[in-house]
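The structure appears right after this line, and notes come after that.
Whatever order the structure lists them in is the order used to number ligands and atoms, beginning at 1. For the numbers below, each heavy atom of this structure counts, side chains included, while hydrogens, waters and symmetry mates do not.
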Amino acid sequence: MSEIDFSKIPAHVAIIMDGNGRWAKKKSLPRIFGHRQGVKTVKNIVKAADSLGIKVLTLYAFSTENWKRPAVEVKALFSLLVQFLKKEFAELNEKGVRLRILGDISKLPENARKELDKACKETAENSGLQLNIALNYGARQEIIRAFRSIAEKGITNPDEDDISNALYTAGQPDPDLLIRTSGELRVSNFMLWQIAYCEIYVTDRLWPDFSRKDLEEAIIDFQKRERRFGGI
Ligand code: FPP
């Protein structure tokens with residue numbers, strides 16, 4: 001059995017959490033049960049990432065395309081998010097987790113916005129794991145927003161740093177490892193700029209079943225790869 005090399009932990013791990021619906025379907029349960037279990041996984045994986053020494057963890061929770069889901073499911077997802085922030089976030093705050101939201105939260109229900117603002121403010125000075133939650137997030141929309149802000153600043157000949165600094169992830173390292181659960185081989189409009197040199201790891205495990213051991217396996221797989229960044 002390979003072991004994790006703690007001197008080579010990826011600094012930034014991004015996860016496309018997928019498969020909540022399929023998990024529920026396999027158990028003949030309504031989809032919302034899958035999302036509920038998915039939130040439990042979120043908490044476990046945040047704690048695991050923190051204890052493994054990952055510096056930045058980004059979780060794709062709600063895309064700009066997810067509004068197409070039935071209104072009851074959308075409502076349930078935001079209510080799970082609010083519950084998570086109210087009931088579980090204090091423990092993560094104590095562990096030094098700092099929260100940042102990637103995406104346009106102005107369209108979210110008011111109570112969700114309020115709880116998110118509160119959690120971001122309360123954790124702003126923390127120096128532990130940087131947790132990014134992507135909500136109403138789309139990478140193309142993020143890039144458009146970046147270009148608009150660059151134009152507003154009067155920068156006419158932007159370079160890579162100008163663009164990176166205008167994204168929601170400004171000041172953070174790009175992801176080293178992108179994990180997608182439940183087997184789909186898609187990028188789904190997620191961090192298109194930031195994943196330029198990222199290693200991609202797809203597992204068949206459905207998000208509600210994804211465990212610390214699965215995260216460790218993804219890291220071990222990542223550590224076996226040779227990253228050349230275009231060199232030889
Ligand atoms: C993917 O499963 C899951 C989502 C789109 C939602 C993820 C959101 C949460 C776990 C809840 C709130 C988040 C936080 C951070 C507390 P799917 O529904 O696309 O599954 P399927 O492809 O099997 O249908």
Side-chain angles (χ1 to χ4, degrees), residues 13-50 54 56-93 95 97-105 107-109 111-120 122-123 129-139 168 178-191 202-211 214-215:
V13 175
I15 308 184
I16 301 178
M17 309 182 285
D18 198 7
N20 292 353
R22 273 162 282 176
W23 183 90
K25 196 171 177 208
K26 264 174 59 183
K27 294 184 156 22
S28 308
L29 293 167
R31 289 176 59 81
I32 184 64
F33 282 74
H35 294 315
R36 202 178 287 167
Q37 196 61 33
V39 175
K40 290 188 183 153
T41 304
V42 166
K43 194 175 172 199
N44 287 340
I45 294 304
V46 173
K47 287 207 266 187
D50 181 41
I54 291 166
V56 187
L57 176 70
T58 300
L59 300 176
Y60 201 3
F62 194 86
S63 75
T64 45
E65 289 75 32
N66 284 153
W67 296 106
K68 293 180 202 147
R69 295 185 176 212
V72 288
E73 182 171 338
V74 171
K75 203 167 162 227
L77 276 170
F78 288 122
S79 109
L80 282 172
L81 174 72
V82 169
Q83 270 178 44
F84 170 79
L85 294 168
K86 281 190 172 163
K87 292 195 187 145
E88 315 284 358
F89 205 74
E91 189 187 332
L92 300 179
N93 189 7
K95 287 190 180 294
V97 170
R98 186 174 47 195
L99 180 66
R100 187 187 291 190
I101 302 305
L102 317 184
D104 175 11
I105 63 162
K107 306 284 181 303
L108 266 50
N111 62 342
R113 274 194 338 252
K114 212 179 92 201
E115 291 301 324
L116 287 165
D117 281 342
K118 191 163 155 251
C120 288
E122 274 174 13
T123 63
L129 175 79
Q130 171 68 56
L131 173 64
N132 296 328
I133 302 184
L135 282 164
N136 192 24
Y137 173 86
Y168 291 118
L178 171 66
I179 299 172
R180 181 166 190 147
T181 59
S182 89
E184 312 286 352
L185 301 175
R186 282 195 288 274
V187 177
S188 300
N189 200 17
F190 187 50
M191 302 188 100
V202 176
T203 169
D204 284 335
R205 191 82 72 218
L206 305 174
W207 178 250
D209 290 328
F210 191 79
S211 65
D214 296 312
L215 178 62

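For the pair K47/L92, a side-chain contact is recorded, criterion being any heavy-atom separation below 4.5 Å from C-beta on. L102 places a side-chain heavy atom less than 4.5 Å from the side chain of M191. Using a 4.5 Å heavy-atom cutoff, the side chains of W67 and K107 are in contact.
For ligand 1, one of its N or O atoms has an N or O atom of G21 under 3.5 Å away. Considering backbone and side-chain N/O atoms, D18 comes within less than 3.5 Å of an N/O atom of ligand 1.
Counting heavy atoms closer than 4.0 Å to ligand 1, residue R31 contributes side-chain atoms (C-beta onward) but none from N, CA, C or O.
Less than 4.0 angstrom separates some heavy atom of R69 from each of these atoms of ligand 1: 5 (C), 17 (P), 18 (O), 19 (O). With ligand atoms numbered from 1 in the order given, ligand 1 contributes 18 (O) to contacts under 4.0 Å with heavy atoms of H35. Close approach to F84 involves these atoms of ligand 1, each under 4.0 Å from a residue heavy atom: 16 (C).
Using a 4.0 Å cutoff on heavy atoms, V39 counts as a contact of ligand 1. For the pair L77 and ligand 1, a heavy-atom separation below 4.0 Å is found. For S182, the closest heavy-atom approach to ligand 1 does not fall below 4.0 Å.
Looking only at distances, a side-chain donor or acceptor of T181 sits under 3.5 Å from a matching main-chain atom of D18.
Atoms CG and CG, from L116 and L81 in turn, are 5.0 Å apart once rounded to the nearest 0.5 Å.
A cation-pi arrangement is absent between K26 and W23, since the terminal nitrogen or guanidinium carbon is not both under 6.0 Å from the aromatic centre and inside a 45° cone about the axis.
Around NZ of K25, the count of heavy atoms belonging to other residues, nucleotides or ligands within 6.0 Å does not exceed 12.
Ranking the protein heavy atoms by distance from atom 13 (C) of ligand 1 puts A61 CB, 4.0 Å first. Protein heavy atom closest to atom 1 (C) of ligand 1, with residue, atom name and distance, is M17 O, 3.1 Å. Counting only heavy atoms of the protein, atom 22 (O) of ligand 1 lies nearest to R22 NH2, 2.8 Å. Atom 3 (C) of ligand 1 has as its closest protein heavy atom N20 ND2, 3.3 Å. What sits closest to atom 14 (C) of ligand 1 on the protein, heavy atoms only, is L81 CD1, 4.0 Å.
Using a 4.0 Å cut-off between charged nitrogen and carboxylate oxygen, R205 and D214 count as a salt-bridge pair.
Side-chain N/O atoms of T41 and N44 include no donor and acceptor closer than 3.5 Å.
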